[in-house]
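Contents: one structure, followed by commentary.
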Amino acid sequence: MTRSAIVTGATSGIGRATALRLVRAGFHIIATGRNPERGAETVRQVEAAGGSGEFHSFDVTSESDWAAFADAVTGRHTSVDALINSAGSFFTKALPDTSLEDFRELWTADVESVVLGTKYGFRMMRDTRSAGSIVNISSLAGLIGLEDCAAYCAAKAAVTHFSRVAALEGAQMNPKVRVNSLNPGVIYTEMITHAYGDNDAVKAFVMDGNALQRVGTAEDIASAATFLACSASRMVTGTAMLVDGGRGAD
Amino acid sequence: MTFDVKDKVVLVTGAASGIGAATARLAAARGAKVIATDVDGERIQGVAADCQCIGLKHDVTSPEDWDNAIAAAVHHHGRLDALVSNAGIVNYEPIIDLDLARFRTLTQVHVEGSFLGVQKAVAQMRAQARGAPATGSIVLTASVMANCAAPGISAYAVAKAAMANMARAVGVELGRKGDMIRVNALCPGPTRTPLLEGAMPPGAMDDPAHWTDVPLGVPQEPEDMAESILFLISEESSFMTATQMVVDGGWSLT
């Protein structure tokens, strides 16, 4: 029986790279995002990698969208084995310049999306009797501070701790569902280049803070997400898995 | 599906039983070239025969034994790609009764043993790089006890906390010095090993009532730890250093 994995935010960056890595682990890919053209491109890359995939366009911050998506998935698939909540947002702004609207927008995109995703992930796994694994993409910024990123740090701290509690609840389900947060350091993706620009100074910022003197890539995170999604991590739940090139350790 | 360790030369200490034996077996089954060592020079030969790999008697508190183990890796396979510093002992004693000699022995095996292993492995990894940035992966088997506590286990908790922060400190240092040698700590929760079984009443390991504190509700198998260790050895974790990977079925959550 083919196992299936849902990946939100699969239209770019860590989400798309994770979808492609999960193909190599044998998962059917249920990709989601807001941009149908980029979603189609993800499915095309999944198929080119020898896998099978489908794309659903919806807003991960909308509960009614999640409910409709969950119905569609459980109607079509006999198991939901993994859910990677990768969709998220980021901005950098000093606190005096950060409006309440800015904060709320980020909180909705980064926290409410994960809360809804985990809730409907639990429901889909319950309804298909799947011993699934949920991976919430958080950030190193949820564990340590980053200047001019108070809203993002607060949001990712919320995602990290929410995932621990969700792990306790998932362990009460039958079959049990695992939940972990995956906390990347600064990774060279569109999310970063969109906020900071794309030039040598930004690349240096991405790299120089790391103990390992190299740029972290979406593929680095995709590998860790795949580890957490598959049975190799059968006993891993409630952890915050840090993949940051040693950035947070010093 | 699996995380590739084929042809990697991997030295595993404490490999005659428990997590070390499971790691040696799984690594060998996936095509790694394993050097399995243990202070019990007879029992290690059984694991080595299963794995069709080199088995050596190795007291991790002895610098000479470390030199021999690494020399064996280089002699047979030309290099060392990964070290799993896994040898450990345990002592369940209230602090008030804990004898200084037993405290020292326990910290020597875990802390000095890992210190020697890191130092000697890094020296070999640098030497074989011939001037290029050195590569390699070092995994220290710490414990969830590095960050939490239980009665009667203070010496073990102290030693494991030292190992976990050794991974962090050395991981940062090596990266900043320009090496690509990664150092991570694995923090297992309660696992079906001789160390734990020896401390439990007969039959308790498979009694669900004993595991109500673990959200996933069952003891972890040594193979679960081996899977995580092999992920940390594989190139797919090449952006991970100075971390603690907790594998405990959620035990430390509450």
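Here the structure is a predicted model, which means the values were calculated and not measured. Order of the sequence lines fixes the chain letters, A, B, ..., with proteins taken first and strands second; residue numbering starts at 1 for each chain. Atoms considered below: every heavy atom in the structure, side chains included; atoms not considered: hydrogens, waters and symmetry mates.
Looking at A:Ile187, the atoms closer than 4.5 Å to chain B (heavy atoms on both sides) all sit in the side chain, from C-beta outward. Using a 4.5 Å cut-off between heavy atoms, B:Asp179 touches chain A through its backbone atoms (N, CA, C, O) alone. Using a 4.5 Å cut-off between heavy atoms, B:Ser237 does not touch chain A at all. Neither the backbone nor the side chain of A:Asn183 has a heavy atom closer than 4.5 Å to any heavy atom of chain B. Heavy atoms closer than 4.5 Å to chain A are found nowhere in B:Ser234, neither backbone nor side chain. Heavy atoms closer than 4.5 Å to chain A are found in the side chain of B:Met245, but not in its backbone. Neither the backbone nor the side chain of A:Val177 comes within less than 4.5 Å of any heavy atom in chain B.
Within the 3.5 Å criterion, the main-chain N or O of B:Ala146 finds no donor-acceptor partner in the side chain of B:Lys160. Looking only at distances, no side-chain donor or acceptor of A:Thr239 sits under 3.5 Å from a matching main-chain atom of A:Asn180. Looking at B:Asp224, its side chain does come within 3.5 Å of a backbone N or O of B:Glu221 through a donor-acceptor pair.
When each of A:Gly238, A:Ser223, A:Ala171, A:Ala240 is scored by its heavy-atom pairs under 4.5 Å with chain B, the top score falls to A:Ser223. Heavy-atom pairs under 4.5 Å with chain B were tallied for A:Asn210, A:Val236, A:Leu22, A:Thr217; the largest tally goes to A:Asn210. Each of A:Arg234, A:Arg164, A:Gln213 has some count of heavy-atom pairs under 4.5 Å with chain B, and the biggest count is that of A:Arg234. If you tally non-hydrogen atom pairs under 4.5 Å between each of A:Gly170, A:Ala224, A:Gly216 and chain B, the highest count goes to A:Gly216. The residue among A:Arg178, A:Arg214, A:Arg247, A:Gln172 with the most heavy atom pairs within less than 4.5 Å of chain B is A:Arg214.
With rounding to the nearest 0.5 angstrom, the CG atom of B:Asp248 is 8.0 Å from the SG atom of B:Cys148.
Salt bridge present: B:Arg176 and A:Asp250 bring a charged side-chain N and a carboxylate O closer than 4.0 Å.
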